[in-house]
Amino acid sequence: MKLTLHIWRQKNAQSKGHFEKFQMNDVSEDMSFLEMLDLLNERLISEGKDAIAFDHDCREGICGACSLTINGTPHGPEAATTTCQLHMRKFKDGDTLYIEPFRSRAFPVIKDLIVDRSAFDRIMAAGGFVSVRTGQPQDANAIPISKEKADLAMDAAACIGCGACVASCPNGAAMLFVSAKISQFAMLPQGQPERKRRALNMVNQMDKEGFGACTNHYECEAVCPKKISVRFIAQMNRDYLKARILKEKD
Amino acid sequence: MTLDSKIPSGPLKDKWDKHRFEMKLINPANRRKYKILMVGTGLAGASAAASLAELGYNVETFTYNDSPRRAHSIAAQGGINAAKNYQNDGDSIWRLFYDTVKGGDFRSREANVYRLAQVSVDIIDQCVAQGVPFAREYGGLLDNRSFGGAQVSRTFYARGQTGQQLLLGAYSALVRQIGLGKVKSHVRKEMMDVVIINGTARGIVTRDLVTGKIESHWGDAVCLATGGYGNVFFLSTNAQACNVTAAYRAYKKGAFFANPCFTQIHPTCIPVSSDHQSKLTLMSESLRNDGRIWVPKKKGDKRPPNEIPEEERDYYLERKYPSFGNLAPRDISSRSAKEVCDEGRGVAATGYGVYLDFSEAIQRLGKKTIEERYGNLFEMYERITGVDPYKEPMQIYPASHYTMGGLWVDYNLQSTIPGLHVLGEANFSDHGANRLGASALMQGLADGYYVIPYTIAHFLASNKLEKVDENHPEFKKAEEEAKDKINKLMSIKGKRTPSSFHKELGKVMWDKVGMGRNAKGLKEAIEEIPKIREEFWKNLNVTGESNDLNIALEKANRVADFLEFAEVLAWDALEREESCGAHFREEYQYEDGEAKRDDEHFAHVAAWEYTGVGNKPIRHQEELVFENVKLAVRSYK
Amino acid sequence: MALFDYLKSTLLSKVVMAVTGVILVLFLIGHCVGNMQVYIGQEVFNRYAHFLQGLGELLWIIRIVLFVCLVLHIITSIRLKWLNFQAKGQKYEVKNYVKAKLTGRTMIWTGVLVVAFLVYHLLHFTIGVIDADNFSKRNMEYYKGEVVIAEDKVLNGESNEIGKLERQAETIKVEGKELSKENDVVLFFRPDAYSMVVKSFRQPLYAISYIILVIFVGFHLSHAIQSAFQTLGLNHPKYNCFFRAVGPWLSTILVICYISIPITIWFGLVGGGV
């Protein structure tokens with residue numbers, strides 16, 4: 001396969017980026033997308049040029065590190081698939097591809113295609129947990145949880161924190177990510193004592209990080225590699241509103 | 001030097017309780033005076049950092065990823081074992097202990113394994129309390145499934161993403177402490193060296209992967225939870241960045257490396273499609289429950305699988321192991337696949353693959369049942385290979401998956417360097433020569449949640465540590481060494497990329513130090529590895545700059561250590577003249593191909609001491625004493 | 001200002017958008033139902049228009065509520081748009097939306113058109129600045145009803161003031177129009193809104209601009225209604241077919257109803273007698 005790549009190059013957060021054009025003549029359709037970039041990087045290093053920096057790690061669609069926007073869609077054209085599991089057979093010989101980082105004000109570019117997603121960690125630190133210390137809690141079976149609830153909590157918990165929701169959102173909103181965590185705990189008895197606090201603190205931190213506001217396009221759900229449902233955003237909205245109305249001062 | 005495992009005296013069942021009572025404590029008000037460095041934030045690192053911070057210690061964590069949540073623990077699929085006996089099928093702490101020792105082919109410490117089985121029960125409770133959404137039955141209680149190597153259902157799971165859910169649980173506890181200011185999290189920082197002052201590990205030197213800055217960090221104790229070294233084979237199921245650097249640099253500073261040759265090969269991975277491949281993807285072993293494994297009888301048979309008639313197929317596992325058939329244990333299944341491929345009967349693009357065929361199961365059970373059982377796996381397979389496994393058999397091949405070996409630690413998880421503790425896959429302690437499915441998660445969390453918080457206190461309380469900071473000359477020295485190393489890598493300006501060396505090394509390791517090993521091949525490897533290393537230091541090309549985010553430099557820095565470490569692995573494999581667990585020496589097998597263990601000469605841990613690059617390391621032995629289990633030969637016929 | 005503290009929170013801002021939006025939509029539905037009386041006939045339509053005029057203080061309360069909703073809706077939308085613009089940062093060179101529809105992504109622009117339309121519409125039919133001729137000349141139509149004359153005020157049956165009383169010789173006039181007396185029943189008059197609408201919409205400029213702007217209101221609503229459900233937390237797999245469909249359906253129905261009036265007038269199906 002022959003491909004024309006336009007790849008975003010940016011030295012660091014301060015500098016202005018630009019597209020660099022690469023011609024690929026020896027792409028095999030069995031390659032994964034990232035292996036195609038590996039191949040390009042091998043070539044660049046051989047030519048004495050700086051390799052293209054991109055985030056990746058597990059390459060099996062679970063760590064959430066990979067973060068490329070391919071022809072305007074985060075993680076590329078295949079639904080429910082991370083960039084690392086996208087294969088070249090999904091493209092046609094002669095295609096032109098624009099490869100850009102996950103763009104959002106809250107995800108500043110570090111270099112080339114790598115962005116800083118630490119805002120997600122700070123949101124999590126604001127309340128994405130159940131406050132239990134390591135110890136000897138009660139037996140795991142002491143509180144039954146209906147299968148439906150447990151499954152729904154798992155649906156929410158499947159989020160890999162890649163940030164495609166933010167990257168795809170016309171508003172740069174992080175609500176799918178934040179709501180998935182809030183909803184996971186909202187569904188479980190273990191999450192109840194801190195439910196209001198969690199919703200308030202995580203949403204407040206989300207706002208502080210400079211993410212946008214959801215306008216309910218559901219683009220996030222469409223590009224989410226783990227198919228996280230926007231029903232969790234509705235759940236978060238309910239929880240947050242209830243908390244704002246009912247929560248007493250700390 | 002004699003290796004003192006510090007195993008407490010007394011009956012097996014009471015050792016840990018007794019030890020917990022005997023260990024010294026630190027008063028809650030004094031804990032905040034101590035700082036602990038935690039390198040790695042996977043299951044072991046995150047759980048340990050969170051637990052220590054909850055106790056009141058100051059903790060600093062380090063990860064080369066952009067977030068603690070991305071550690072490769074996240075990729076574990078199957079589940080986590082615990083001796084809860086919720087299923088009433090005869091499980092107990094003792095049985096989990098026994099299964100683990102037996103599964104490890106009697107090359108692990110009884111006391112460690114028993115402690116692991118004991119705390120396994122608490123781990124599940126802890127995780128549920130954290131909000132980990134384990135699978136449940138309609139009645140609301142936790143569901144279990146069975147896993148290889150066990151006859152009871154003791155595996156707790158969260159769909160096919162148990163590792164993810166457990167890691168996110170530990171990560172949530174960790175970020176809570178970060179939010180409270182008890183943990184300082186360093187991301188995109190890679191450990192370059194351990195700093196030892198007066199014989200005790202007192203800090204680390206790191207490289208900031210974004211700015212290239214070499215920095216020192218002091219601590220009262222250092223913990224490494226930096227995972228395994230499976231990537232020494234280049235292709236493995238490990239994540240791309242998994243490396244041996246932290247463990248290996250500790251080894252170079254005097255920590256012993258134990259049983260490096262115990263590397264686990266997983267039988268059901270998607271085979272290599274061509275030489276650009278970067279990663280092997282694991283397919284759940286559960287597929288072997290309904291799939292039949294075969295290769296053509298004829299060598300070099302290139303016909304599509306559906307055109308090969310039944311009588312020309314060799315269902316080799318069913319033929320060789322009639323009672324276990326396609327469900328033969330991991331190592332046997334893996335080796336048999338290698339055998340038939342070495343005979344030239346392999347399939348796949350490279351000739352290194354075997355068929356895993358569901359056509360019979362689909363006929364017997366219907367497509368719908370198969371879809372219910374394996375739908376998502378079939379989907380994943382099709383996504384990666386472009387082949388529909390409902391119509392054509394899958395192709396599979398073994399791949400490096402987990403490493404049982406690691407830095408030697410005593411019962412307190414302390415390495416041979418005082419103050420340097422090693423947790424999780426990075427240590428060698430609990431799995432012996434082979435790890436049972438769903439036990440890696442258990443061990444990582446056991447070390448982090450329930451062992452290190454006690455043993456660190458004991459270490460801190462028993463040692464009077466002088467006050468040090470980053471300005472100590474030893475830190476300056478280590479920083480200089482790290483800078484020199486980076487400069488050296490940058491200044492070679494040769495012709496070859498870091499990956500090309502990694503690939504070359506991986507090929508030698510996979511061919512000669514992989515699934516089937518023999519003295520000749522191992523000796524060849526020991527000769528070839530230094531040559532690759534020499535070429536590396538002459539002909540490496542790292543482009544870009546050292547004070548910038550430089551992925552080529554990161555890679556080169558890691559490959560440099562693999563190139564030295566590989567030799568230790570090969571030495572260990574050569575000198576362990578027996579076949580046990582995942583270590584299979586072709587010279588040591590019974591006539592029927594079963595592994596021949598040598599308990600008389602090798603019922604010990606081999607711990608290697610560094611003696612300089614290119615020199616043969618010194619082999620130390622820690623004898624393993626089995627007082628509670630009888631050493632028995634495994635048979636799966 | 002504490003009242004606008006909610007703007008600091010994206011979620012509360014969204015809730016304000018949803019709540020004010022729902023109120024405005026309810027008004028639109030009510031307004032539409034009222035308009036539909038044009039098909040019943042002049043008498044009914046004019047009585048309805050007159051009834052609204054006669055609501056007095058209540059009318060002003062409704063107007064104030066709607067106005068406050070509108071203002072909050074506009075302020076909040078501007079604030080959110082600015083925030084979202086900021087949050088988006090650098091634009092993609094190539095952007096391919098998988099699911100986000102054009103109607104959703106152009107809310108702020110259709111919103112601007114809705115406001116423009118509202119101003120235009122008020123100037124047209126409420127205040128009478130546009131097509132002023134027609135408005136000021138709207139014929140007063142007589143209708144039967146009881147009046148009470150109290151000092152210089154003329155009150156209708158519901159004791160609402162309908163005008164100032166002017167006595168000139170034998171005739172009694174209210175607001176320049178003559179009242180005539182038949183037995184105890186007084187014939188008096190009200191504005192002929194029906195004729196005014198018909199005459200206005202017979203002019204292509206007014207009819208076409210009205211139709212186009214109403215269609216934009218429809219675009220705005222088709223995204224807005226399902227969006228309000230989601231923002232207010234109404235999302236359940238079992239009922240989502242309703243929550244998601246009600247927006248496009250309702251907005252289509254509203255648009256059809258609204259624009260049917262100028263169209264039927266144009267084709268002479270309505271207002272033939274005017």
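Nothing here was measured: the structure is a model prediction, and the numbers come from that model. By convention in this document, chain letters (A, B, ...) are assigned in the order of the sequence lines, proteins followed by strands, and residues within each chain are numbered from 1.
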With the side chain counted from C-beta on, respond yes when [X] and [Y] share a heavy-atom pair under 4.5 Å apart, and no when they do not.
X: C:L12; Y: A:L241; answer: yes
X: C:L11; Y: A:M236; answer: yes
X: A:P170; Y: C:K95; answer: no
X: A:W8; Y: C:Q90; answer: yes

With only heavy atoms counted, which part of [X] is less than 4.5 Å from chain C, the side chain, the backbone, both or neither?
X: A:Y218; result: both
X: A:P74; result: side chain
X: A:F107; result: neither
X: A:V166; result: backbone
X: A:T215; result: both
X: A:C214; result: both
X: A:E209; result: neither

Crowding at [atom1], [X] (>12 non-hydrogen neighbours, <6.0 Å):
X: A:Q23; atom1: CD; value: yes
X: C:F216; atom1: CZ; value: no
X: C:Y39; atom1: OH; value: yes
X: C:Y239; atom1: OH; value: no
X: C:K99; atom1: NZ; value: yes

Might you point out which heavy atoms bring [X] and [Y] nearest each other, and give the distance in Å?
X: C:A87; Y: A:G212; result: CB-N, 3.2 Å
X: A:R238; Y: C:L232; result: CG-O, 4.3 Å
X: C:A100; Y: A:H217; result: CB-CB, 3.6 Å

(Q) I'd like to know which of C:K101, C:H223, C:K91 tops the heavy-atom pair count under 4.5 Å against chain A. (A) C:H223
Q.
Tell me which of these, C:L83, C:L80, C:T231, has more heavy-atom pairs under 4.5 Å with chain A than the rest.
A.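 Looking at each option in turn, the highest pair count goes to C:T231.
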Is it true that a side-chain atom of [X] and a backbone atom of [Y] form a donor plus acceptor pair closer than 3.5 Å?
X: C:N84; Y: A:A213; value: yes
X: A:R231; Y: C:N235; value: no
X: A:N237; Y: C:Q230; value: yes
X: A:N216; Y: C:S227; value: yes
X: A:E219; Y: C:V98; value: yes
X: C:Y92; Y: A:A167; value: yes

Proximity breakdown for [X] and chain A, heavy-atom pairs closer than 4.5 Å:
X: C:K88; value: both
X: C:V15; value: side chain
X: C:K81; value: neither
X: C:R244; value: side chain

Q.
Run A:S168 and C:Y97 through side chain to side chain donor-acceptor pair (under 3.5 Å) and show every step you take.
A. CA-CA 8 Å; A:S168 69; C:Y97 286 106; over 6 Å; no
Q | side-chain contact (heavy atoms from CB on, under 4.5 Å) evaluation trace for C:E93 with A:H6 | A | CA-CA 10 Å; C:E93 181 73 19; A:H6 296 269; over 6 Å; no
Q. Relative to chain C, which of A:V230, A:V223, A:V203 shows the most heavy atom pairs under 4.5 Å?
A. A:V230
**Q.** chain C contacts, top residue of A:I233, A:N204, A:N71 (heavy-atom pairs, under 4.5 Å)
**A.** A:N71
Q | C:V94/A:E100 under side-chain contact (heavy atoms from CB on, under 4.5 Å): CA gap, chis, key distance, verdict | A | CA-CA 9 Å; C:V94 177; A:E100 298 179 66; 4.3 Å; yes
